[in-house]
Each structure stands twice: as structure tokens, then as C-alpha cells.
Amino acid sequence: MIQLSMLRLVPALILAAAFASASPYGISVPPGEKATLTAQIPAVRYFPSWETLQPSPGKWNTQPADDLIAAAKKSGTQVFGILHQPSGADAKPLIDDKEAWRTYVATLASRYAKDLTHWEVLPSYPVTDRTPDGPYHYAQLLTIARETAKVANPDAHIGFSIPNYDLEFFDRALRDGAEGQFDYISIASFPVAEDTDSLFLSILPRLRNILADYGMNQEMPIHLSLTGSPNAAEYYAQLAAENGYARVFLPSEGMFPSNPDKLEIPVKNTTSAETVATTLGEKNSYDGLYLLNPSSMPYDTELKATRLPITAQPPVTRAAFFAPEFEIGKNLEITVTAKRLPSETGTEHPTGFAITYESIHGIRNHETWWTVPGGDGWQTHTWTISDADFTGKYAWNFRLDASGAGNDLLIRSVSVTK
């Protein structure tokens, strides 16, 4: 006999399942961690790493993936799989070993054809292959993944992965052969920061405009992965769901938005401003100018300043800025206040900036390189631009391209003046 308490519980379970299936939210789990799934998690963006599934060439260990699929069936969670690239010092670039890539995709797509239809292709690739041919290489691997997965499962959906809103890479990959080779887009690893509503809302239309430029479906599903402080991530997850993202993945179900009310967006109007600026610190202050990817310039708690790391690979560190509501003419000034971080090699090696910006002639590198002087004091430099055309095609208006053998840079502020 079914107890009364069970009868009361059944409607609640039905409602919970209905809510989960309708929810746009899910969790994104790093490949080195284990995905723990519950009935409260409607979707997960995850798959074990290449090394976990194929510890050596020709030898497979699919048990971790089998366990994931079994857990997902039990919890009712939809899995959005990830096709990783091999890592480690001995890993061969996939573009030089296409047969290994084809075998990898065929094995996974075939084995999980009944349970997994979405595969995101190489989420870290646009970061690791920063060569001029990187977009072309990605387009080739994306094409192989689609062709191979479709043979194994005609219902397979292939996802183009864009880290940190790198729309420039996306556009170049489409130009180099990626057009028509994917079914959805995943924007991954974007660290959200508070008070960046205007920036956040401007990204999606620009991405859809690029799709339109290539004659592709502008309504293609776009997924978003958010990291950052719990309050900011929860807020921007709700904002993303309300503004057209098909799926929003967060680090944990504890960040799922709990407020169903429509958000009131306090957009600051800076169209008439003469100057927009970003002041960098433990918490960045945005006055009409936004740092697109806050993780590119993390705050150093020991130095109590924002640090732009200078690394050998890739040779140029980029920090992009965007002023979505700043109407400008063709003449403007970009000013940066920075100083060099002392190193063991001293300050005799040059370290500094150039800027790349949107011009009436397209993306352009400014001819002036600023070598930041050594010493403890803050230094200020201004670039004068006479041909600016800040349309935000790639979600940024200008970027700082920093390079050097001497030391890292600390940056205090960036501003743009008409």
C-alpha cells in the first residue's frame, strides 16, 4: 500500500523535475574534477580529460565517462560534453596529428551516441594556439569533429568554443573555414565583475552580427559559462538567461539564481561624456570604460596593485577595453598610468605597451611603443589617435599589447578622452 506521505511527495517530485527541465541553468566542471550530479542540476558542461580517457595511444579507459553518463541518467541531468585536447609536455599538437583527433572523436561520439548529443570542441584551443594560423587550425579540427561525430550520430550537435569573448578569433575562424561547421556556440571561462551590465549586454548582439555577416543562423543557441564572485555570477546568470543565452553554466548549483523577478538594469549613460575611465584596484571602478576580461589583469594582494603579467608564451599579453556607450569622433586620446615591477634582472630590459584599436581602416596597431621607465614611481603615457572608429565589432574598442623581457607591469588607470 502506498502511504499518504508518499502520495504527497509525488506532486513535489513532478514539479521539481518540470522545473529542472525548463531551467536554463547548469554547472560547468573542470576536467580534472569529478562532477557530482543531483536532481537539482538540470545540465552539466563537463567530460573527462583526454589523458583520463586515453592514458596512452590506443589504450582507453572509458569508465569515468561511463560513470558520468550513468549518474546523469539517474539524476535526469543533460550532459553537454567537451572534446578536450591532450595536455602535458609530451603532447603533440592536434593539428599535426589529425588521425589521433579523428579517432578520439569517433570513439566518444559512437560510444555515447544514445546518451549525449552536444559536443563542445576544444575550449582551450583559441588560448593555446595564438599563432596567426590558430583560427585556421581550429576551423580544420572543428570540421573533422563535425564530420566524424555526424557519422557516429546524425543527431550530434557540435559547439564552437570562444574563451573570454574572443570574437576576433571567432570571426577569423569563420573566414578560414569554420562557417557551417557548428550548431551552437559556447562562450567559456568569462570571469564576471560587478557593475559591468552595459558591457555584458552588448556582447550577444555583436556575436549575432558576426553570424549574420557569414549568412549563418543569427538565432543559433549560445551558451555561457560564468565564474566570479557568487553574487556577481548569480546576478549575471539571470541577466544572461533573460537576454537570450540558451544555457548558462555556473561553477556550482549554489549559484543558480533564486530571484525570479525581472532585473532592473541600472545603465549609466556616458554618451555625452568627454572622458571615460577604468580605475584598477582590489575592486575595479568603471566609469564608462570596461576591462573586458578582468582575469587578464589580476589584483596582486601583496603589491596592492593590478598586475599585467608579461610571459614568454604567448609573447604578448593583451588586455582589452570597451566603452559601449561612449560616442566619439575620430580624434581621441588614450592614457595609461603604469609602472614596472622590479625584477632580479633589474630594469635594463625593455618592457612596455603598444595599443591596437578600431580605426576607420579596420583593426590597427599604433606606431608608438611606450617603454615604461624603471623606478618606483607611477608613469603616465598618452597615445593620440586621429582615425578611431569604436564600433565594438569584436566586443572591444582597443587593447594594450604588453611585452618585454624585463618584468611585469602594474597598471593603475586607463582612460579615453575625446
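Worth saying up front: this structure is predicted, and the values here are computed from it rather than measured.
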- Shortest non-hydrogen pair, Val29 vs Tyr46, comes out as O-CD1, 3.2 Å

- Message: Could you check whether any side-chain heavy atom of Ile27 comes within less than 4.5 Å of a side-chain heavy atom of Phe256, counting everything from C-beta outward?
- Response: yes

- Message: Closer than 4.0 angstrom, basic N to acidic O: yes or no for Lys393 and Glu358?
- Response: no

- Taking atom types as modelled, is there a side-chain donor on Arg45 or Ser28 under 3.5 Å from an acceptor on the other? yes

- All side-chain hydrogen bond (donor to acceptor under 3.5 Å, both in side chains) counterparts of Asp67, not counting sequence neighbours: Gln63

- Query: Between Ala139 and Ala173, which heavy-atom pair has the shortest distance, and what is it?
  - Reply: CB-O, 3.8 Å

- Item | Validation row: Glu51, Ser87 side chains within 4.5 angstrom (heavy atoms) | yes

- Message: Minimum heavy-atom separation for Gly180 and Met216, please, with both atom names.
- Response: N-CE, 3.5 Å

- Please check if atom OH in Tyr184 has more than 12 non-hydrogen atoms from other residues, nucleotides or ligands closer than 6.0 Å. yes

- Task: Any chance you could lay out the side-chain hydrogen bond (donor to acceptor under 3.5 Å, both in side chains) test for Asp176 and Tyr138, step after step, and finish with the verdict?
- Result: CA-CA 9 Å; Asp176 290 344; Tyr138 185 81; over 6 Å; no

- Item | NZ/NE/NH1/NH2 to OD/OE distance under 4.0 Å, Arg111 and Asp66 | yes

- Note on the structure: Contacts of Tyr236 meeting ring pair (Phe, Tyr, Trp, His ring centres under 6.0 Å) (sequence neighbours excluded), chain-then-number -> Phe200

- Message: Between Glu242 and Gln238, do the side chains contain a donor N or O and an acceptor N or O under 3.5 Å apart?
- Response: yes

- Item | Exercise: do Tyr235 and Asp197 side chains pair donor with acceptor under 3.5 Å | yes

- So do Lys339 and Leu409 actually touch side chain to side chain, heavy atoms under 4.5 Å? no

- Query: Does the side chain of Ser258 reach to within under 4.5 Å of the side chain of Glu234, using non-hydrogen atoms?
  - Reply: yes

- Message: Can you confirm whether the side chains of Asn284 and Tyr286 place a donor and an acceptor under 3.5 Å from each other?
- Response: yes

- Query: Just wondering, are more than 12 heavy atoms of other shown residues or ligands nearer than 6.0 Å to NZ in Lys34?
  - Reply: no

- Heavy atoms of Tyr25 and Ala237 approach each other most closely as CE2-O, 3.5 Å

- Item | Non-hydrogen side-chain atoms of Thr107 and Val105 separated by less than 4.5 Å | no

- Message: Is it true that Thr380 and Trp378 share a donor-acceptor pair across their side chains at a distance under 3.5 Å?
- Response: no

- Please list, chain by chain and in numerical order, all residues satisfying ring pair (Phe, Tyr, Trp, His ring centres under 6.0 Å) with Trp119, sequence neighbours excluded. Phe47

- Query: Does a side chain donor of either Glu120 or Ser186 reach within less than 3.5 Å of an acceptor in the other side chain?
  - Reply: yes

- Message: With a 6.0 Å cut-off on the ring centroids, do Phe80 and His223 count as close?
- Response: yes

- Item | Short side-chain to backbone donor-acceptor contact, Arg307 and Ile411, under 3.5 Å | no

- Do Asn365 and Thr356 have side-chain N/O donor and acceptor atoms under 3.5 Å apart? yes

- Between Thr337 and Gln379, do the side chains contain an N or O donor and an N or O acceptor separated by less than 3.5 Å? no

- Task: I would like to know whether Leu142 and Phe160 meet side-chain contact (heavy atoms from CB on, under 4.5 Å); could you show each step before the answer?
- Result: CA-CA 8 Å; Leu142 184 75; Phe160 190 116; 3.7 Å; yes

- Any chance the side chains of Thr417 and Thr275 put a donor and an acceptor closer than 3.5 Å? yes

- Item | Sole residue of His157, Met220, Arg146 in side-chain contact (heavy atoms from CB on, under 4.5 Å) with Phe182 | Met220

- Message: Testing the 3.5 Å rule here: is there a donor-acceptor pair between the side chains of Tyr214 and Asp171?
- Response: yes

- Query: Are the aromatic rings of Phe326 and Phe390 close, with centres under 6.0 Å apart?
  - Reply: no

- Task: Mind telling me whether Tyr394 and Trp396 have parallel, tilted or perpendicular rings, with 30° and 60° as the class edges?
- Result: tilted

- Plane angle bin for Trp50 and Tyr104 - parallel if under 30°, tilted between 30 and 60°, otherwise perpendicular: parallel

- Taking the six-membered ring for Trp and the single ring otherwise, decide whether the centroids of Phe398 and Phe321 are under 6.0 Å apart. yes

- Item | Under 3.5 Å: donor-acceptor pair, side chain of Ser75, backbone of Leu37 | no

